[in-house]
Trainee: 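Here's a structure for you.
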Amino acid sequence: MKKILVTGGAGLIGSHLCEKLLNLGNEVICLDNFFTGEKQNILHLLENPYFEVIRHDVEKPITLEVDEIYNLASPASPIHYQKDPVKTIRTNVLGAINMLDLAKKTNSKILQASTSEIYGDPEIHPQKEEYNGNVNPIGPRACYDEGKRCVETLFFDYHREYKVNIKVVRIFNTYGPKMVPNDGRVVSNFIVQALKDENITIYGDGSQTRSFCYVDDLVDGLIKMMESNEIGPINLGNPQEISILDLAKLIIRLTNSKSKIVFKKLPKDDPKKRKPDITKAKEKLKWRPKVDIETGLIKTINYFRSKA
Ligand code: NAD
Ligand code: UDP
């Protein structure tokens, strides 16, 4: 039985990951400060004797005996990570240093949840791992983008300097049940608005694109990466690209909503296009997403209906 630490384990991806790792017969420690994650997401796991929760901020060092670390602790939604930008940088950078030091001390494998935001507002499409990105270092998204970029640097330097067994994955937009209704991300915003027949708020003209990956697929990719001999970086995401306007129309159709679409100001530095090239994940991890956007959205809509 492996002892696995999941930082950010109460969040969207972390809570699904904790559940999957427990089902695979591991002992799981969920570390979270509950900034954006919810206790509700892991409540059903608490009766499992192999599951533990630690309320802790990754900014502070911690000593634990573990075999593997999934480092997911960081707000992921633009409204949350921009609320306290300095805290976002501290969480990412100090959190990574603390977790890398722990991996070094315990000789454990460590996986970093990096992001497609590494590519910023990309000038190449789809995005390949070799692309170095187009990030505005002083813009409102920089606390997250540059924080995550610095974490990638730290991971590779700990690997080169101290031989830490690292794995870096770049996650593209991921959605699914357990998203927080007021999280501010597009999928949860649109579903909540559609279910209440409220206006659907598109930022800009809706021509910007994203490629949405269902959370179960993503979790499978994280575990495959941890079990592989790869260090990355490897893109994980669903290459099925959709414009934000088409996403709004699809959610209106799937919810049978009377909502109207309204257009609001586009936030600064909002990437115009995003789609992962997942050739590496397919070849090296034998991973590919299985859940198409319509199936994934229906599951997510049913989740929000059940919570209402
Ligand atoms: P989430 O906000 O649902 O979960 C993040 C979790 O981290 C929350 O439970 C939160 O309370 C916790 N956390 C935040 N700051 C912390 C701190 N200082 N100490 C301890 N815990 C802290 O986000 P998510 O969608 O589950 O994302 C998980 C990870 O994956 C993040 O690192 C995010 O950057 C990355 N990621 C997510 C996406 C996506 O689309 N969901 C895309 C790219 C990268
Ligand atoms: N978006 C939108 N309406 C919303 C929330 C988001 O039009 O209510 C847009 C946002 O401007 C961006 C896209 O949807 O172009 C994805 O936004 P999200 O915050 O989910 O993720 P990210 O921008 O980090 O990919």
Side-chain angles (χ1 to χ4, degrees), residues 13 71-72 74-78 81-82 88-89 92-93 96 100 110-160 166-175 185-186 203-204 207-214 217-218 220-222 224-226 228-244 247 266-289 293:
I13 300 174
N71 188 35
L72 272 59
S74 165
S77 151
Y81 69 64
Q82 288 174 26
T88 299
I89 300 174
N92 274 288
V93 175
L100 283 161
I110 179 164
L111 179 145
Q112 169 61 16
S114 191
T115 166
S116 52
E117 288 285 323
I118 293 293
Y119 304 121
D121 190 6
E123 300 133 311
I124 68 146
H125 196 72
Q127 291 79 53
K128 279 183 191 298
E129 290 84 350
E130 289 72 25
Y131 178 50
N132 285 336
N134 176 35
V135 172
N136 172 4
I138 56 167
R141 296 175 85 99
C143 58
Y144 182 74
D145 300 11
E146 299 289 12
K148 292 278 188 183
R149 287 170 68 94
C150 181
V151 172
E152 287 203 9
T153 310
L154 281 164
F155 265 66
F156 277 82
D157 281 335
Y158 268 72
H159 176 66
R160 283 186 287 254
I166 60 155
K167 276 106 197 353
V168 174
V169 292
R170 293 182 179 155
I171 302 172
F172 284 64
N173 296 64
T174 298
Y175 70 99
R185 287 184 265 192
V186 68
Y203 304 155
S207 63
Q208 72 270 36
T209 68
R210 295 292 186 272
S211 306
F212 295 96
C213 186
Y214 188 65
D217 280 336
L218 199 275
D220 285 346
L222 295 180
K224 282 205 157 138
M225 181 68 176
M226 187 62 103
S228 75
N229 291 320
E230 302 299 323
I231 61 170
I234 293 190
N235 289 339
L236 290 180
N238 189 326
Q240 201 186 350
E241 189 181 7
I242 184 170
S243 75
I244 295 303
L247 177 74
L266 186 69
K268 186 166 166 23
D269 294 338
D270 198 286
K272 288 180 268 310
K273 279 180 166 196
R274 191 184 285 153
K275 172 181 170 167
D277 181 321
I278 58 164
T279 311
K280 275 213 171 89
K282 282 187 194 157
E283 282 175 11
K284 296 184 186 294
L285 308 179
K286 308 285 173 250
W287 173 86
R288 66 175 69 218
I293 181 93

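The first residue of the sequence shown is numbered 1, and numbering continues consecutively from there. Scope of the values below: all heavy atoms of this structure, side chains included, with no hydrogens, waters or symmetry mates. Since the structure is predicted, the reported quantities are computational estimates derived from the model, not experimental observations.
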Trainee: Between Tyr175 and Tyr214, how do the two ring planes meet: parallel, tilted or perpendicular, split at 30° and 60°?
Mentor: perpendicular

Trainee: How many angstroms lie between CG in Asn238 and CZ in Arg210, if you round to the nearest 0.5 Å?
Mentor: 15.0 Å

Trainee: Output yes when Lys268 and Asp121 qualify as a salt bridge under the 4.0 Å nitrogen-oxygen rule, no when they do not.
Mentor: no

Trainee: Could you tell me whether a side-chain N or O of Asn173 sits under 3.5 Å from a main-chain N or O of Phe212, the two making a donor and an acceptor?
Mentor: no

Trainee: Check whether any side-chain N or O of Trp287 sits under 3.5 Å from a backbone N or O of Leu222 as a donor-acceptor pair, and report yes or no.
Mentor: no

Trainee: If you measure from the Lys or Arg side-chain nitrogens to the Asp or Glu carboxylate oxygens, is any gap between Glu152 and Arg149 under 4.0 Å?
Mentor: no

Trainee: Counting distance only, does the side-chain N/O of Thr174 pair as donor-acceptor with the main-chain N or O of Phe172 below 3.5 Å?
Mentor: yes

Trainee: Between the side chain of Asn235 and the main-chain N/O of Ala281, is any donor-acceptor distance below 3.5 Å?
Mentor: no

Trainee: Is there a side-chain contact (heavy atoms from CB on, under 4.5 Å) between Gln112 and Ile166 once you walk through the steps?
Mentor: CA-CA 8 Å; Gln112 169 61 16; Ile166 60 155; over 6 Å; no

Trainee: Test side-chain contact (heavy atoms from CB on, under 4.5 Å) on Lys280 and Glu130; report intermediate values, then the result.
Mentor: CA-CA 11 Å; Lys280 275 213 171 89; Glu130 289 72 25; 2.5 Å; yes

Trainee: Is it true that a side-chain atom of Ser228 and a backbone atom of Leu285 form a donor plus acceptor pair closer than 3.5 Å?
Mentor: no

Trainee: Heavy atoms, side chains only, cut-off 4.5 Å: are Lys275 and Pro239 in contact?
Mentor: yes

Trainee: So does Glu117 pair up with Arg141, basic N to acidic O under 4.0 Å?
Mentor: yes

Trainee: Closer than 3.5 angstrom, by distance alone: can the side chain of Lys167 be matched with the main-chain N or O of Glu230 as a donor-acceptor pair?
Mentor: yes

